Amino acid sequence: VRSGVLERAQAQRHDRVAVTAVVEESSLVPGGQGVPTERVATVRWRDVDGTEHTGVTTVPVAAAHEDPVTVWITAGGRVVEAPATTWDATAAALLVALLVGASVALVVWSLAEGFARWTSRRYAESWQADWDRVGPTWTARGHGA
């Protein structure tokens, strides 16, 4: 799992490049509780040959009009999230491993619990059958003595 996630992170780092853009317009990200830390913004940047591009991304809440920000883009000029770091990939792989491990443990525990209940029921039925066969003879001897 970890190697696959690390390979994806490495591919992202290879396919994405950071460029400096400037904020054109922005609005606060609607958030839950607390103070927002990012804004949704339209940003503008120039590529290597000088062609101007625009895109929408999140920027720090303090970023104002014409402030420079770092934006990650693909070779096609599409704005994307920053590539995953090795730490991100390792944490994701660890989370997947923990979830898979917990799922396997739950399945094994459920099977063991079911088997224990089935075995207990079979022992009780066997004991009752033996008692039904032997009990009347044994109790009759006990009363007749």
Side-chain angles (χ1 to χ4, degrees), residues 1-139 142:
V1 172
R2 184 172 186 259
S3 64
V5 174
L6 287 173
E7 287 171 7
R8 275 195 301 278
Q10 188 174 22
Q12 284 180 353
R13 284 191 297 273
H14 179 71
D15 294 341
R16 299 174 182 191
V17 62
V19 296
T20 300
V22 292
V23 177
E24 291 207 331
E25 59 183 72
S26 64
S27 62
L28 281 175
V29 174
Q33 299 173 339
V35 178
T37 59
E38 294 182 323
R39 293 178 178 267
V40 173
T42 301
V43 294
R44 173 177 33 86
W45 72 94
R46 293 187 186 277
D47 63 17
V48 182
D49 67 2
T51 306
E52 193 169 276
H53 300 274
T54 60
V56 176
T57 189
T58 55
V59 298
V61 73
H65 181 69
E66 294 296 320
D67 279 354
V69 292
T70 299
V71 176
W72 289 87
I73 60 170
T74 62
R78 186 171 53 92
V79 177
V80 292
E81 292 183 8
T85 64
T86 302
W87 168 247
D88 294 335
T90 301
L94 181 60
L95 179 62
V96 168
L98 287 172
L99 290 174
V100 168
S103 298
V104 168
L106 181 61
V107 167
V108 169
W109 177 82
S110 296
L111 290 172
E113 182 68 19
F115 181 72
R117 287 179 186 216
W118 178 79
T119 303
S120 181
R121 191 170 40 251
R122 296 284 293 160
Y123 283 144
E125 290 169 358
S126 176
W127 185 88
Q128 186 63 49
D130 287 346
W131 180 252
D132 289 345
R133 186 174 38 85
V134 175
T137 308
W138 184 78
T139 53

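Bear in mind that the values here come from a model prediction, so they are computed numbers and not experimental data.
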Discussion item. For a 4.5 angstrom cut-off between non-hydrogen side-chain atoms, does Val79 reach Val56?
Written reply: no
Discussion item. As an exercise, state the distance from OG1 of Thr90 to CH2 of Trp87, rounded to the nearest 0.5 Å.
Written reply: 7.0 Å
What pairs of donor and acceptor atoms, side-chain ones from residues 63-70 against any protein atom, are under 3.5 angstrom apart with sequence neighbours left out?
unit_1 : atom_1 : unit_2 : atom_2 : d
His65  : ND1    : Glu24  : O      : 2.5
Glu66  : OE1    : Arg44  : NH2    : 3.3
Glu66  : OE2    : Arg44  : NH2    : 2.8
Asp67  : OD2    : Ala64  : N      : 2.7

Fill in: Polar side-chain atom of Ser126 near backbone of Arg122 as donor-acceptor pair, under 3.5 Å
no
Worksheet, complete the sentence: Closest non-hydrogen contact found for Trp45 with Gly55 is CZ3-N, 3.6 Å
Fill in: Nearest heavy-atom neighbours spanning Glu81 and Arg16
O-NH1, 2.8 Å
Worksheet item: Atom CG in Leu106, atom CG in Leu111: separation rounded to 0.5 Å?
Response: 9.5 Å
Discussion item. Can you tell me how far apart CZ (Arg39) and OG1 (Thr58) are? Round to the nearest 0.5 Å.
Written reply: 12.5 Å
Worksheet item: Can you tell me how far the CG atom of Leu99 sits from the CG atom of Leu95, to the nearest 0.5 Å?
Response: 4.5 Å
Discussion item. If the condition is side-chain contact (heavy atoms from CB on, under 4.5 Å), which residues does Thr119 pass it with, not counting sequence neighbours?
Written reply: Phe115, Tyr123
